[in-house]
Number of protein chains: 2
Amino acid sequence: MAFRSEILVKLDKKGRVAFPAAFRDELPDGQRDGFVLYRSNTVAGLVNGNSRAGFDGMLARLRAEALGPKASLKAVLDDEAFDPAGMMSSQAREIRLDPDGRFVLPEEFIDMLDARAEGVVLLGRGEKFQLWNPARWQVRREADTARMAAFLRGLDGAA
Amino acid sequence: MAFRSEILVKLDKKGRVAFPAAFRDELPDGQRDGFVLYRSNTVAGLVNGNSRAGFDGMLARLRAEALGPKASLKAVLDDEAFDPAGMMSSQAREIRLDPDGRFVLPEEFIDMLDARAEGVVLLGRGEKFQLWNPARWQVRREADTARMAAFLRGLDGAA
DNA sequence: TGTTTTCCCATGTTATCCCATAAATGCCCG
DNA sequence: CGGGCATTTATGGGATAACATGGGAAAACA
């Protein structure tokens with residue numbers, strides 16, 4: 001259950017996107033027919049994805065970290081309290097795959113990614129995956145390559 | 001069974017509102033024909049919604065976790081005692097969907113939300129959903145986005 | 001007997017299913 | 001170690017079903 005690799009996919013005339021078999025195979029049994037897309041909390045124009053189970057698990061971890069185990073009742077009843085898990089739910093959309101493993105990318109995500117022309121980069125990130133605008137991913141990738149080298153250089157002495 | 005996404009819906013001339021399929025699909029089997037709306041306890045002009053089962057489950061948790069067996073028994077028998085679950089029940093309205101998946105928003109909620117002109121934002125919050133006045137949701141959303149960023153910033157070093 | 005509510009039908013749009021083709025992949029057996 | 005050969009995958013497109021939305025007519029209500 002680990003999303004890997006980097007694949008550029010395009011939208012066809014109907015707005016459909018092929019979800020590569022390599023990604024589909026990482027969805028848990030019984031949940032191969034769909035997944036969840038949600039927009040990034042911090043990076044504009046970036047869309048994240050995960051299996052339903054993976055997304056729910058993430059929310060559970062978030063809820064435990066943000067509120068502590070006892071406060072979940074308060075989060076449901078007190079609408080004034082900040083509820084990060086609820087926030088992410090509102091930004092998430094359930095995506096269903098057709099029998100051929102394709103899905104239609106919702107309009108809002110097409111706009112965020114400016115995906116109509118160049119398509120999107122599907123990026124495996126281990127426990128989740130991401131949808132990037134190809135050009136923006138290129139920029140980010142170069143930045144991350146430098147950050148990675150710096151990170152590794154700092155590994156020895158530190159600990 | 002988790003409400004997701006954010007959808008703006010409008011009232012037609014008859015005051016009907018389309019309940020999107022994405023939300024209807026989250027209602028439990030046998031309860032697809034309606035749901036419960038109830039006003040927020042803490043935020044003025046906000047209306048919450050849930051399936052009948054979800055709403056009942058919430059009240060059960062409220063009685064069990066917040067009050068305990070003795071206090072909830074007292075709440076049933078002693079009319080002078082404060083009964084939060086009973087309070088919420090009295091605020092709640094049962095909503096029925098027509099065969100096309102639409103419902104009429106009761107007058108009191110239209111007023112609270114000032115929904116006649118701009119419609120309402122349907123907001124999936126995971127275990128429940130919310131009805132917001134579009135402009136007010138915009139304000140809240142920006143505040144929550146900032147709170148989310150602050151929360152994420154505090155995640156790394158802290159523990 | 002007016003008013004409100006509910007049901008039913010019509011329509012344009014979108015999404016879903018199904019079939020077809022072609023490329024890519026894996027596999028068996030010579 | 002390669003040919004075939006079957007299977008899976010990617011991609012296009014037509015047919016069908018589902019959805020959102022408007023409006024009329026019947027039913028319920030007062």
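The basis for the numbers below is simple: all heavy atoms, side chains too, and nothing from hydrogens, waters or symmetry mates. Naming convention: chains lettered A, B, ... in sequence-line order (proteins, then strands); numbering from 1 in each chain. These numbers were taken from a predicted model, which means no experiment stands behind them.
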Completion exercise
So side chain to side chain donor-acceptor pair (under 3.5 Å) across residues 17-26 of chain B, not counting sequence neighbours, yields none

Practice task
For the side chain of B:Pro20, starting at C-beta, report the closest nucleotide among D:dA20, D:dT9, D:dG23.
Solution key: D:dA20

Handout entry: Distance in angstrom units between A:Arg96 CZ and D:dA17 C1', rounded
Key = 12 Å

Practice task
Return the angle between end axes of the helix from C:dT1-D:dA30 to C:dG30-D:dC1, with five pairs used per end and rounding to 10°.
Solution key: 50°

Exercise for the section: Using atom CG of A:Asp98 as one end and atom C1' of D:dG13 as the other, report the distance to the nearest whole Å. Expected result: 13 Å

Problem - Shared hydrophobic cluster for A:Phe23 and A:Leu37 (ILVMFWY, side-chain gaps under 4.5 Å) - result: yes

Side-chain donor-acceptor contacts of residues 107-117 of chain B below 3.5 Å, not counting sequence neighbours, with atom names and distances?
{"from": "B:Glu107", "atom 1": "OE2", "to": "B:Arg116", "atom 2": "NH2", "distance (Å)": "2.8"}
{"from": "B:Glu108", "atom 1": "OE2", "to": "B:Arg93", "atom 2": "NE", "distance (Å)": "2.6"}

Practice task
Could you check whether the rings of B:Phe19 and B:Phe129 sit parallel, tilted or perpendicular, using 30° and 60° as the cut-offs?
Solution key: tilted

Problem - Check: B:Leu27 main-chain N/O paired with B:Arg32 side-chain donor or acceptor under 3.5 Å - result: yes

Problem - Separation of D:dA18 C1' from B:Arg32 CZ (nearest whole Å) - result: 15 Å

Problem - Comparing B:Gly101 and A:Ala22 on DNA chain D - which has the more 5′ nearest nucleotide - result: A:Ala22

Exercise for the section: Measure from the side-chain N and O atoms of B:Lys10 to the backbone N and O of B:Val17, and report whether any donor-acceptor pair falls under 3.5 Å. Expected result: no

Problem - Ring-ring centroid check B:Phe35 B:Phe103, cutoff 6.0 Å - result: yes

Problem - Under 3.5 Å: donor-acceptor pair, side chain of B:Asp78, backbone of B:Glu80 - result: yes

Enumerate the protein-to-nucleotides 28-30 of chain D contacts in which both atoms are nitrogen or oxygen and the separation is below 3.5 Å.
none

Exercise for the section: Give me the first and last nucleotide of DNA chain C, going 5' to 3', that has any atom under 4.0 Å from a heavy atom of chain B. Expected result: C:dT6 to C:dC9

Practice task
Using modelled atom types only, decide if a donor and an acceptor are shared between the side chain of B:Asp100 and the backbone of B:Arg102 within a distance under 3.5 Å.
Solution key: no

Problem - Shared hydrophobic cluster for B:Trp132 and B:Leu122 (ILVMFWY, side-chain gaps under 4.5 Å) - result: no

Problem - Euclidean distance, atom CZ of residue B:Arg24 to atom C1' of D:dT21 [Å, nearest integer] - result: 13 Å

Handout entry: Nucleic acid contacts of residues 5-18 of chain A, taken as heavy-atom distances under 4.0 Å to DNA chain D
Key = A:Asp12, A:Lys13, A:Lys14, A:Arg16, A:Ala18

Problem - Nearest heavy-atom neighbours spanning B:Leu123 and A:Ser90 - result: CD1-CB, 3.6 Å

Problem - Min side-chain heavy-atom separation B:Gln130-B:Lys128 under 4.5 Å - result: yes

Fill in the blank from the handout: Correct closest heavy-atom pair for A:Ala66 and A:Pro84 would be CB-CG, 3.7 Å

